[in-house]
> 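The structure is given below, and queries will be raised subsequently.
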Amino acid sequence: MAHAPDAPLDRSTRLRSILGGSAGNLVEWYDWYAYAALASYLAPHFFAPGTAQDLNAWIVFAIGFFMRPIGGWLMGVYGDRHGRKAGLSLSVTLMCAGSLLIAATPSYGAIGWLATAALVLARLLQGLSLGGEYGASATYLSEMAGRRHRGFFSSFQYVTLISGQLTALVALIGLQAVLPEGSLREWGWRLPFALGGALALLVYWLRRRLAETESFAKRDRQAKSGALALFRQHPREAMLVLLLTAGGTLAFYAYTIYPITFLKKTAGFSDAAATQVNAAALFVFMLVQPLAGALSDRIGRKPLMIGFGVLGVCFTYPIFVALEGVRDGMSAFWLMTAALLIVTGYTAINAVVKAELFPAHIRTLGVALPYALANAIFGGTAPSVALWFKQEGWERGFYWYVTAMIGISLITYATMRDTARNSRIAED
């Protein structure tokens with residue numbers, strides 16, 4: 001049954017919408033992270049023999065992030081003007097196209113440089129999609145949640161984000177278990193991308209049936225959303241989003257994406273062992289997000305972010321140094337879990353913090369565009385920067401780089417107002 005756009009939302013409608021929006025977010029992030037999980041398998045199929053194929057694959061991973069600010073801009077404006085669920089539906093359509101393109105493109109040996117071009121195009125489409133997805137889903141969940149439980153319910157954005165990443169790893173673990181290594185490297189790696197494209201079609205149908213938020217219905221219809229309006233009328237808030245994201249997103253990708261490569265290339269783990277350790281740590285990480293979100297509803301957002309900043313500055317370098325010498329899976333698991341528990345102070349609440357900074361008519365864009373810029377500069381480049389430091393013979397330089405960026409974000413956390421007590425989201 002369609003929901004009247006100006007009618008108040010009852011509790012059951014809110015819960016159904018939050019669950020529906022979260023399920024779609026999971027599939028989007030699964031499609032995005034399948035590339036990271038399978039990068040070492042797909043690299044030989046898309047790049048010329050004799051080149052640095054792994055590094056090239058991670059460079060293409062980073063290229064997708066540079067499309068995210070464009071997606072954040074275009075689709076943020078679209079979501080502010082046409083509705084949150086319209087933006088969510090458009091984003092999943094683009095993600096579907098990117099996944100199916102990766103699954104279906106012939107290898108470099110068959111079509112040469114066109115394979116590389118197709119991979120880049122697929123990641124550009126997915127970057128455009130995810131640039132809009134983050135802002136639309138963060139805004140949608142934050143507006144749907146209601147004032148008392150906004151931190152708790154908005155934390156499900158990262159629950160589903162991590163679930164998508166975890167699902168991609170579980171898909172790889174499953175393939176490693178049932179397929180011979182040769183078959184997995186030859187054609188099996190394509191299966192998760194085909195599955196992701198099919199699930200995205202299901203999500204499109206689901207998202208078209210979601211209820212719209214009260215904030216969108218009650219927004220100031222005379223005020224317009226746009227990049228110029230954002231940076232002219234809300235420059236402080238936009239800069240806050242960029243700075244509070246910089247250290248958080250770099251830490252997130254350093255602690256979640258890069259460790260698979262790190263454990264293999266530095267600690268000497270096998271492909272399967274590195275994947276299993278990462279998946280186990282991510283599962284714990286996923287479970288603690290709602291706990292941190294609920295805590296922020298009681299004590300505020302600011303203490304959690306400051307906690308992440310202080311602990312991240314103090315322990316990032318020691319954790320990575322300890323991981324260099326780890327030789328058993330359990331020790332690696334506990335070290336990775338410690339790092340992820342630290343970054344929870346950012347991940348669990350970053351979506352709601354950003355949404356609470358902006359008025360409804362420009363909220364999706366305000367959340368999406370500065371966040372996507374920070375991700376393009378600091379998040380997506382994390383694996384390739386780490387590999388560059390390693391190739392230059394100073395791998396520990398990356399640990400200091402992550403520490404420094406967390407420190408910059410810590411200054412931002414310490415000097416900003418607590419958005420839980422100064423929220424611009426109208427719903428009760």
Side-chain angles (χ1 to χ4, degrees), residues 68-77 79-81 84 131-132 134-143 147 150-151 154 157 215-216 218-220 222-252 296 300-310 312-313 345-379 404-427:
R68 286 174 64 170
I70 299 175
W73 167 43
L74 295 177
M75 297 177 66
V77 172
D80 284 331
R81 294 181 181 179
R84 316 312 190 203
Y134 178 86
S137 62
T139 300
Y140 186 82
L141 294 177
S142 297
E143 290 178 349
R147 186 180 303 276
R150 191 165 288 140
S154 67
Q157 186 189 38
S215 277
F216 177 73
K218 297 176 179 179
R219 73 195 185 283
D220 181 355
Q222 302 303 313
K224 297 298 182 182
S225 177
L228 287 178
L230 175 65
F231 290 108
R232 184 177 297 164
Q233 298 170 15
H234 306 280
R236 180 179 178 276
E237 291 83 358
M239 185 58 64
L240 276 175
V241 171
L242 195 152
L243 291 176
L244 70 87
T245 300
T249 193
L250 176 58
F252 175 76
S296 79
R301 324 290 186 218
K302 190 170 178 176
L304 271 70
M305 293 191 296
I306 291 177
F308 154 64
V310 171
V313 167
Y346 164 79
T347 56
I349 60 171
N350 80 98
V352 69
V353 167
K354 294 161 190 171
E356 287 173 330
L357 288 169
F358 296 96
H361 74 274
I362 203 167
R363 184 171 295 139
T364 307
L365 179 65
V367 171
L369 181 53
Y371 167 85
L373 287 169
N375 261 268
I377 298 169
F378 302 106
M405 291 310 305
I406 294 174
I408 290 172
S409 287
L410 172 58
I411 296 171
T412 305
Y413 307 148
T415 56
M416 66 183 290
R417 295 190 301 175
D418 195 320
T419 60
R421 296 175 176 82
N422 299 276
S423 177
R424 302 188 73 173
I425 300 178
E427 284 94 337

> Please examine the side chains of I408 and I411, heavy atoms only from C-beta on, and report whether any two atoms are closer than 4.5 Å.
no

> Which atom names give the shortest non-hydrogen contact between A227 and L369, and what distance separates them?
CB-CD2, 4.3 Å

> Output yes when a side-chain donor or acceptor of T245 lies under 3.5 Å from a complementary backbone atom of V241, and no otherwise.
yes

> To check you understand the geometry: which heavy-atom pair defines the closest contact between R301 and I349, and what is its length?
O-CD1, 3.2 Å

> Heavy atoms only: give me the nearest A355-A138 pair and the separation to one decimal.
CB-O, 4.4 Å

> List in chain and number order the residues that pass salt bridge (Lys or Arg N to Asp or Glu O under 4.0 Å) with R232, two or more places apart in sequence or in another chain; answer none if no residue qualifies.
none

> How are the rings of F308 and Y346 set relative to one another: parallel (under 30°), tilted (30 to 60°) or perpendicular (over 60°)?
tilted

> What's the spacing between R424 CZ and T419 OG1 if we round to 0.5 Å?
12.5 Å

> Check whether any side-chain N or O of K302 sits under 3.5 Å from a backbone N or O of A414 as a donor-acceptor pair, and report yes or no.
yes

> Can you measure from CG (L242) to CG (L373) and round to the nearest 0.5 angstrom?
6.0 Å

> Taking the side chain as every heavy atom from C-beta outward, state whether P370 and L240 have any atom pair closer than 4.5 Å.
no

> Would you indicate whether the side-chain heavy atoms of K354 and L244 approach each other to under 4.5 Å?
yes

> What verdict does the side-chain contact (heavy atoms from CB on, under 4.5 Å) test give for Y134 and N350, after you've listed the backbone C-alpha separation in whole Å, the side-chain angles of each residue and the deciding distance to 0.1 Å?
CA-CA 11 Å; Y134 178 86; N350 80 98; 2.3 Å; yes

> Could you tell me which non-hydrogen atom of I362 sits nearest to which non-hydrogen atom of S225, and how far apart they are?
CG1-OG, 3.8 Å

> Side chains of F358 and T139, heavy atoms from C-beta outward: is any pair under 4.5 Å?
no

> Considering non-hydrogen atoms only, spot the tightest contact between R84 and A136 and give its length.
O-CB, 4.3 Å

> For R68, does its backbone N or O pair with a side-chain atom of N375 as donor and acceptor, under 3.5 Å?
no

> Got a donor-acceptor contact below 3.5 angstrom from the D80 side chain to the V77 backbone?
no

> Quick one: CD on E237 to CE on M416, what's the gap to the nearest 0.5 Å?
9.5 Å

> Can you tell me if E356 uses its side chain to pair, donor with acceptor, with the backbone of D418 under 3.5 Å?
no

> What is the distance from atom OG of S154 to atom CD of E143, rounded to the nearest 0.5 Å?
12.0 Å

> For the OG1 atom of T415 and the CG atom of L410, what is their distance to the nearest 0.5 Å?
9.0 Å

> What's the shortest heavy-atom distance between G72 and L365, and which atoms?
O-CD1, 3.5 Å

> Whether the side chain of T249 engages the backbone of A246 through a donor-acceptor N/O pair (distance < 3.5 Å, no angle test) should be reported.
no

> Taking the side chain as everything from C-beta on, heavy atoms only, tell me whether I425 gets closer than 4.5 Å to S142.
yes

